[in-house]
Amino acid sequence: MKERTLSGVHQICLIALMSAVMCVIAPLSIPIGEVPVSAATLVIYLTVYLLGTKMGTISCIIYLLLGFAGLPVFSGYTAGAAKLLGPTGGYLTGYIFMALICGIFMEKSSYKTVWCITGMIAGTAVLYIFGTAWFMILTKCELGYAAAVCVAPFLIGDLAKIILSELAGREIRKRLVAAGLIG
């Protein structure tokens, strides 16, 4: 099948649409401690799966800029520079790196299941490293405490989000490609 090239307007609309989806779904969270369980990673996985590395990462950046500007799109309907620069801000900015890594794995493998899952796991690992390091610096805590608070409670949930993203993303992507809505 011939690869379809999307027009600039079409690309902008897709980026805006997925940024809006992030803004609606990402604030949904469960406050379990200093770092909440958020739906943001699920939406980012799906965004990159559907739009690819470049457009998916741009969608993520727009989402972060909207939150920085004061739109309550972060977990628990929070917003602002203080949130981005606070103890959990490393996870928010880490979304950019996660999107890039996931997208590179997905695109380079032509969306093969094993590599998509590997990319999402690798991207999430980088998110954990970046966010946890940021958390440790700002809270002046030890690695053991940070890992117990910032990583351990999220491992099973993030693995479930990765599996769900792979299953849903594959089917949605297939249908959108067939409809000519994405390349």
Side-chain angles (χ1 to χ4, degrees), residues 1 14-15 17-64 67 73-76 88 90-135 146-179 181-183:
M1 178 194 280
L14 290 171
I15 290 167
L17 174 66
M18 292 311 292
S19 296
V21 170
M22 278 183 221
C23 290
V24 170
I25 296 176
L28 303 175
S29 62
I30 302 167
I32 62 166
E34 295 181 64
V35 181
V37 174
S38 169
T41 52
L42 174 67
V43 180
I44 294 168
Y45 297 143
L46 285 171
T47 298
V48 174
Y49 208 113
L50 300 176
L51 302 186
T53 307
K54 181 181 173 186
M55 293 191 331
T57 303
I58 291 169
S59 291
C60 185
I61 291 168
I62 290 170
Y63 157 74
L64 292 171
V73 297
F74 300 144
S75 64
T88 59
Y91 294 100
L92 292 169
T93 55
Y95 290 156
I96 297 168
F97 304 110
M98 185 181 82
L100 284 169
I101 292 166
C102 292
I104 289 168
F105 272 80
M106 290 174 183
E107 286 180 357
K108 294 294 182 189
S109 73
S110 299
Y111 296 90
K112 289 186 175 70
T113 299
V114 171
W115 288 107
C116 288
I117 291 172
T118 301
M120 287 186 267
I121 290 170
T124 303
V126 169
L127 173 69
Y128 285 165
I129 291 167
F130 191 80
T132 303
W134 186 297
F135 182 86
V149 170
C150 301
V151 177
F154 304 94
L155 292 171
I156 293 173
D158 283 340
L159 184 58
K161 290 180 211 174
I162 287 169
I163 293 167
L164 178 61
S165 296
E166 171 57 30
L167 296 172
R170 178 161 307 286
E171 189 60 32
I172 295 167
R173 180 173 179 73
K174 181 172 62 174
R175 291 174 188 240
L176 291 175
V177 168
L181 296 173
I182 61 174

Worksheet entry | Residues forming a side chain to side chain donor-acceptor pair (under 3.5 Å) with T53, sequence neighbours excluded |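 Once residues adjacent in sequence are excluded, the partners of T53 under the side chain to side chain donor-acceptor pair (under 3.5 Å) criterion are E107.
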Item to complete: Could I get the full list of side chain to side chain donor-acceptor pair (under 3.5 Å) partners for R170, not counting sequence neighbours?
Response: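 R170: side chain to side chain donor-acceptor pair (under 3.5 Å) contacts with Y49, T113, E166.
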Worksheet entry | Selection residues 21-30 - residue pairs positive for side chain to side chain donor-acceptor pair (under 3.5 Å), sequence neighbours left out |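 Listed once each, the pairs would be none.
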Discussion item. Does anything in residues 22-45 form a ring-ring contact (aromatic ring centres under 6.0 Å, His included)? List the pairs, not counting sequence neighbours.
Written reply: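 As it turns out, there is no ring-ring contact (aromatic ring centres under 6.0 Å, His included) pair with a partner in residues 22-45 once direct neighbours are skipped.
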If the condition is side-chain contact (heavy atoms from CB on, under 4.5 Å), which residues does [X] pass it with, not counting sequence neighbours?
{"X": "L167", "answer": "I163"}
{"X": "T118", "answer": "F105, V114, W115"}
{"X": "V21", "answer": "M18, I25, V43"}
{"X": "I62", "answer": "I15, S19, I58, L66"}

What side-chain donor-acceptor pairs closer than 3.5 Å can you find for residues 154-162, not counting sequence neighbours?
unit_1, atom_1, unit_2, atom_2, d
D158, OD1, K161, NZ, 3.3
D158, OD2, Y128, OH, 2.5
K161, NZ, S38, O, 2.6
K161, NZ, T41, OG1, 3.0

Discussion item. Could you work out, with salt bridge (charged side-chain N to carboxylate O under 4.0 Å, His left out) as the rule, every residue matching K174, not counting sequence neighbours?
Written reply: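 Partners of K174 under the salt bridge (charged side-chain N to carboxylate O under 4.0 Å, His left out) test: E171.
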Fill in: Set of residues satisfying ring pair (Phe, Tyr, Trp, His ring centres under 6.0 Å) with respect to Y63, sequence neighbours excluded
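Residues passing ring pair (Phe, Tyr, Trp, His ring centres under 6.0 Å) with Y63: F74.
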Worksheet item: Rounded to the nearest 0.5 Å, what separation is found between the OG1 atom of T93 and the CG atom of L127?
Response: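 So the OG1 of T93 and the CG of L127 are separated by 9.0 Å.
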Item to complete: Working to the nearest 0.5 Å, report the span between CD1 of I117 and CE of M106.
Response: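 I117 atom CD1 to M106 atom CE measures 9.5 Å (nearest 0.5 Å).
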Discussion item. Can you pull out every salt bridge (charged side-chain N to carboxylate O under 4.0 Å, His left out) where at least one residue sits in residues 117-129? Sequence neighbours excluded, please.
Written reply: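 Counting only pairs at least two positions apart or across chains, no salt bridge (charged side-chain N to carboxylate O under 4.0 Å, His left out) contact touches residues 117-129.
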Item to complete: Evaluate side-chain contact (heavy atoms from CB on, under 4.5 Å) for M22 paired with I44, printing each intermediate quantity in order.
Response: CA-CA 7 Å; M22 278 183 221; I44 294 168; 4.1 Å; yes
